[in-house]
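Notes follow the structure.
These numbers come from the heavy atoms of this one structure, side chains and all, not from hydrogens, waters or symmetry mates. Keep in mind that what you see is a predicted model, and the values were worked out from it rather than measured.
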Amino acid sequence: MFPKGTKRKFSDGEEIPDENPADIKVMSSYNLQRQSLLDMSLIKLQLCHMLVEPNLCRSVLIANTVRQIQEEMTQDGSWTIMAEALNSNQSPSDRLVATEILCRPSPKDQDEEKPFSDISYEGCDSVSCHSEEVVDDSLCEPSSEAPTYLPSSIGTWDKEDQKENSEEESEEDSKPEEQVFGTFEIKNPTATPDPALDELFSDVDTSYYDLDTMLTGMQSSPKMGPYDLLDSLSSHSPSSISSNSGCRPDLNELDHIMEIIVGS
Amino acid sequence: MKCFSRYLPYIFRPPNTILSSSCHTEADIISTVEFNHTGELLATGDKGGRVVIFQREQESKNQPHRRGEYNVYSTFQSHEPEFDYLKSLEIEEKINKIRWLPQQNAAYFLLSTNDKTVKLWKISERDKRPEGYNLKDDDGRIRDPSTITTLRVPVLQPMDLMVEATPRRVFANAHTYHINSISVNSDYETYMSADDLRINLWNLEITNRSFNIVDIKPANMEELTEVITAAEFHPNQCNTFVYSSSKGTIRLCDMRAMALCDKHSKFFEEPEDPSNRSFFSEIISSISDVKFSHSGRYMMTRDYLTVKVWDLNMENRPIETYQVHDYLRSKLCSLYENDCIFDKFECVWNGSDSVIMTGSYNNFFRMFDRNTKRDVTLEASRENSKPRAILKPRKVCVGGKRRKDEISVDSLDFSKKILHTAWHPSENIIAVAATNNLYIFQDKVN
């Protein structure tokens, strides 16, 4: 079930010395499975956000799975451990590598460098086409390159390239569930209610209006989609990533993600 | 040595394999199969938006041993790909469902739907044409009026049979989400179309208006946790319908109670087995298909691993549960990874409601006899489809020693899935769609 050749390291911070080592093994195996499943699910949510018209049923089921894992992790305290590790910017709590799907090389990125917000008809085609290809190929073929990277927002990293990729992924993960359903409908528009605008569009079918607003919102909002991240990352120098100051804004972002995921 | 005929009352043999394309394009993947009410016609829809209708040969007196075979009767393009400019999204032309209307005159009518639009098609035959016009000759050229000296009455002359399909109604712009089901009401006047969050009721004659009868869309989409997966009208009671959800529940609604049937009359849910609980429990409980029995007394639901038969009078659990491929239970993580866990299998009743059938992977499909409690696994493959061959039961071995002819779980081909099957309304003829091939099997002539 787990990819071969991936290293599993046990973090010092998580060790509980007074427990039976056998129990620890069983427990951490379960935790690893659970974490792996969480990572996989988040990736799936991101990927299906990129498809032309995501399958709502599938998205809902994956999102429910993510929620379920988060609830369980919150209950048994693993969630807070990770949150603490994040907040205090501790030494890397090593993470389990999720699945081989993460190790698709750049061809996908190269093809899809268009920012997500600029999607046009051709863009839709190529995006859906390529991302579907990537998904199908990578998910069905277990043999792929060894290096993998971390999809989740939580945790810090060993190598620089892992860090770089994780950073990209961590920002992608911002509000995964929101983004999933955001495709279909904008959230309650409590942010900037504009009575004049509402009146103007009062007779327009709201679902279309909402989507239109959302799409235009995506173009202008600072919240980045996956493709914007690739652009922004390329401008980062690798050295800046490893520095603490480079990590701080990410941690704020991560805090934000944590809040949303935990559902405060 | 087990005798095949003991497993089920029927032994299926394939007369021929129809509609197989040698070049496997994506557009040829069959996405729905449906017999009409007499079983004379069989319709298939594919991913490219085409509908192909087969007609059963009349049994000839000269060859009584040769049961009627199905031949292509009509082919037409039902739906075209569209582009939704507001959302910047493509609308697939894939035919999600076909439902026949009961025949009321010489023409045949069916409803076909893609993700967004339902269309009513009329399929009619033309085997005569008028000849002997006065003003034009038989080629259609206008005759010189000065050459016309006598008048004649045009007569109808036989011609080669021509089957025409014409779109009679287009029911569009009523669904924000993807249509997963359509169902014709027993009143033959209305039908419903269901998408992920809403169900609409239509009059077959009226295309510019539909009534929303179920709406489960939450005010805040972030709170969405459940979607509608299938819906069907009761076969006899025109006021009753059911819809299933991704959480493994079925709601029966009575349209007489309220205009908006958000409040159900009956709620069917089986309590979860705590010993089987996993992170995938919800996903595998999601119902992919719901079908009433012909009698209207029972309904059948298909979730990822099982088929369940429910008595409409008992809501707290099904009366029968059949394991389709329980050996996959230990593989759920891999199946989640490759998305197979989201495959939507359909299920069908036979004409007498005594046998139920559903598909599986590796081009296997399963039949369960409700009376004898026997089940069989059959395979739809070219090797099995030689004309007088009898389908041999297949077996999947879970672990340990694999016997000859058995196939191990790890060798199953998950890309070969049978999602769509159909059973003739009165005879033992089944249609099985295996990716882009359609197999029609009939039982042995006694």
Is it true that a side-chain atom of A:Thr65 and a backbone atom of A:Leu61 form a donor plus acceptor pair closer than 3.5 Å? yes

Does any heavy atom of chain A fall under 4.5 Å from the side chain of B:Phe280, the backbone, both, or neither of them? side chain

What part of B:Thr225 gets within 4.5 angstrom of chain A, counting heavy atoms only: side chain, backbone, both, or neither? both

Taking B:Phe171 as the fixed residue, which of B:Thr207, B:Ile206, B:Ile179, B:Asn200 is the one that meets the side chain to side chain contact (heavy atoms under 4.5 Å, CB included) rule? B:Thr207

Ionic contact status for B:Arg251 with B:Glu226, cut-off 4.0 Å: yes

Check whether the side chains of B:Thr306 and B:Asp303 place a donor and an acceptor atom closer than 3.5 Å, and report yes or no. yes

Is B:Asp410 salt-bridged to B:Lys331, cutoff N-O under 4.0 Å? yes

Heavy-atom cut-off 4.5 Å, strictly under: side chain, backbone, both or neither for B:Ser245 against chain A? neither

Relative to chain A, which segment of B:Leu197 carries a heavy atom at a distance below 4.5 Å: side chain, backbone, both, or neither? side chain

Using a 4.5 angstrom heavy-atom cutoff, name the option from B:Thr229, B:Asn180, B:Asp115, B:Ile283 with the most pairs to chain A. B:Ile283

Relative to chain A, which of B:Lys344, B:Lys247, B:His178 shows the most heavy atom pairs under 4.5 Å? B:His178

Check this for me, if you would: do A:Arg58 and B:Asp339 make a salt bridge, where the nitrogen-to-carboxylate-oxygen distance has to be below 4.0 angstrom? yes

At a 4.5 Å cut-off on heavy atoms, which part of B:Phe342 comes close to chain A: side chain, backbone, both, or neither? side chain

